[in-house]
J.: 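Before I ask anything, let me first share the structure, which is written out below as structure tokens.
These figures come from a predicted structure and were not determined experimentally. Note on naming: letters A, B, ... go to the chains in the order of the sequence lines (proteins, then strands), and numbering restarts at 1 for each one.
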Amino acid sequence: MEITTTSFKHCDMLVLKGRIDSSTAPQFEQAVKAITDQSRFKIVMDISGVDFMSSAGLRVLVNTQKTCKRYNRGEVVLAKIPANIQSALELSGFIPLFKVFDDQIAAVGNF
Amino acid sequence: MEITTTSFKHCDMLVLKGRIDSSTAPQFEQAVKAITDQSRFKIVMDISGVDFMSSAGLRVLVNTQKTCKRYNRGEVVLAKIPANIQSALELSGFIPLFKVFDDQIAAVGNF
Amino acid sequence: MATMVVSGRYDNLVKIGDFVRQAAQDAGLDSFSVYQVETAVDEACTNIIEYAYGKEGAGDIECTCQATPSQFVVILRDWGKPFNPRKIHPPNLKAPLKKRQAHGLGLHFIRQWMDEVDFQFTGETGNVLTMVKRKEKTG
Amino acid sequence: MATMVVSGRYDNLVKIGDFVRQAAQDAGLDSFSVYQVETAVDEACTNIIEYAYGKEGAGDIECTCQATPSQFVVILRDWGKPFNPRKIHPPNLKAPLKKRQAHGLGLHFIRQWMDEVDFQFTGETGNVLTMVKRKEKTG
Ligand SMILES: Nc1ncnc2c1ncn2[C@@H]1O[C@H](COP(=O)(O)OP(=O)(O)O)[C@@H](O)[C@H]1O
Ligand SMILES: Nc1ncnc2c1ncn2[C@@H]1O[C@H](COP(=O)(O)OP(=O)(O)O)[C@@H](O)[C@H]1O
């Protein structure tokens, strides 16, 4: 998988591409940690380029959301969810846990 | 010309398209006023779709910048400047007056 | 019928995924069904590495795909510890964020996205997980 | 040579712009030169409406384009008030934002972007602005 991180004034954005499974999820977790370690907890994840996400990836999503929402200090929002991953999020009951935006700019502009 | 306005948490964005001359500049001015009338002074102008801008359009740009920067309450930033209009901005000495971003998201994320 | 054997390591998941996706596509499954099968296989293999073998590189995973006109079957075999899947309860999908378990989704995906799921644990032949995806009736 | 006459209204600027752009393109100017000429003509016509006629719909603007192998010439004619362009000084392009004049860029564009600019004010034939853009030497 490929991860690009961009830092904005009020939030950080991760653009994720490729396959997130048990082998690559640690890389995803690292990229998130690099942001939260700076005490930045407003994160946009653009997952439009993710073609596969197993529960290992979903775990990172929900754990990051827990970290970010703690003390009301931030939030993870998702941008551009592919259909298959939308189904996985639904089956996991994760839809209510994340705000979803149609594009990066709406997601970034929400912070 | 066509103008689309999008409102974000910390800023508003105008996406301008077409020809800005003495005939259409008032429309541009109106769109800006609709934002500043709400006491919102952080404005992104995406001018990538503008194919012609006369001094009438440049006038709106600089007047809006004056309004927005007053009392340090905000700023106009530009996104995606076409080459011809870049030359017009240079000839007008306007380049130092505006921050410029390569894309909408960097401009919105800067506020 | 096609079979692939890989060492139980997470970086082999992509190989098994490619293998199963290709077989499922060739069998004529629609693209979402293919995604569901790939997910179920990925989850099951992850569990084999994590729980049956307890670590990476401790044993092999054998993956066999079989297509019939009406269904697509994947059989996964390992030679690790057996377990009792009946004891594993579905995750609570309604819990508030703070109480939400990050674990426990893998078996849920397998059970929900495959039409039949059968675990067999017999000492000699290893542990066998058979998963069936029925084809959509077209017409 | 091509000539167009329009009533001096701002919503006719796009017509004159299209006309001049086409002529300049046909004359073989490079695309940035075409843009410069279109800008100069737009600024000049705006000034004719605003200052020479003092309002919209008060008189006509005649626009003539002429191409030679070495240059492109635009001649604008109006029948409004004459003025003395020598009295108009270039804008201060270095002033800080607060002191920056929003006006005074039009003539600046005309003078900087055209290679020759000539104003003639004679009662009978109206006011004539001749602007020349030289072609790039290719080779
Ligand atoms: N192949 C296996 N061997 C042993 N235990 C397993 C196996 N697969 C699943 N389990 C048990 O089932 C539980 C639920 O698995 P799963 O739903 O994949 O979620 P997770 O791996 O996130 O806990 C695991 O915690 C483990 O105790
Ligand atoms: N055709 C014209 N007739 C009369 N006055 C003109 C004409 N063109 C320009 N001027 C004068 O020159 C000044 C500068 O013009 P210009 O550079 O186009 O800027 P602006 O129109 O923004 O003032 C005008 O304010 C006006 O006084």
J.: Determine whether more than 12 heavy atoms belonging to other residues, nucleotides or ligands lie under 6.0 Å from atom CG of A:Asn72.
T.: no
J.: Who wins among C:Val14, C:Asp11, C:Asn92 for the most heavy-atom pairs under 4.5 Å with chain A?
T.: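 Top count of heavy-atom pairs under 4.5 Å with chain A: C:Val14.
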J.: Has A:Gln86 got more than 12 heavy atoms of other residues, nucleotides or ligands less than 6.0 Å from its CD?
T.: yes
J.: Should C:Leu97 and A:Phe98 count as side-chain neighbours, where that means a heavy-atom distance under 4.5 Å?
T.: no
J.: Quick one: pull up CD in C:Glu43 and CG in A:Asp21 and give me the separation to the nearest 0.5 Å.
T.: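 Rounded to the nearest 0.5 Å, the CD-CG separation comes out at 9.5 Å.
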J.: For chain C, which of A:Pro96, A:Ala88, A:Ala56 has the most heavy-atom pairs under 4.5 Å?
T.: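 Option with the greatest count: A:Ala88.
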J.: Do other residues, nucleotides or ligands put more than 12 heavy atoms under 6.0 Å from the CG atom of A:Asp102?
T.: no
J.: Quick check: are there more than 12 heavy atoms from other residues, nucleotides or ligands sitting under 6.0 Å from CD of A:Glu2?
T.: no
J.: Supply the atom-to-atom distance C:Ile110 CD1 to A:Ser55 OG, rounded to the nearest 0.5 angstrom.
T.: 8.5 Å
J.: Is A:Arg59 reaching over with its side chain to a backbone N or O of C:Leu105, donor-acceptor style, under 3.5 angstrom?
T.: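 No; zero donor-acceptor contacts below 3.5 Å.
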J.: Could you report the tightest heavy-atom contact between C:Leu93 and A:Ser92, atom names first, then the distance?
T.: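 Result for this residue pair: CD2-O, 3.4 Å.
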J.: Do A:Leu91 and C:His108 have side-chain heavy atoms sitting under 4.5 Å apart?
T.: yes
J.: Sort A:Ser87 into side chain, backbone, both or neither according to what part of it lies under 4.5 angstrom from a heavy atom of chain C.
T.: both
J.: Evaluate the side-chain proximity of C:Leu13 to A:Phe52: yes if any heavy-atom separation is below 4.5 Å, no if none is.
T.: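 Not touching, per the 4.5 Å side-chain cut-off.
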J.: If you measure from the Lys or Arg side-chain nitrogens to the Asp or Glu carboxylate oxygens, is any gap between A:Arg19 and C:Asp42 under 4.0 Å?
T.: yes
J.: Contact part of A:Leu97 toward chain C, heavy-atom cut-off under 4.5 Å: side chain, backbone, both or neither?
T.: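 It is the side chain, since no backbone atom gets that close.
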J.: So which residue, A:Leu61, A:Val62, A:Thr24, ends up with the most heavy-atom pairs under 4.5 Å with chain C?
T.: A:Val62
J.: Who wins among C:Tyr35, C:Tyr10, C:Trp113 for the most heavy-atom pairs under 4.5 Å with chain A?
T.: C:Tyr35
J.: Can you tell me how far NE2 of C:His103 sits from CG of A:Leu58, rounded to the nearest 0.5 angstrom?
T.: 12.0 Å
J.: At a 4.5 Å cut-off on heavy atoms, which part of A:Asn84 comes close to chain C: side chain, backbone, both, or neither?
T.: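 Both parts, backbone and side chain.
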J.: Measure C:Gln36 against the heavy atoms of chain A and call it side chain, backbone, both or neither at under 4.5 Å.
T.: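 Contact with chain A is absent: no heavy atom of C:Gln36 under 4.5 Å.
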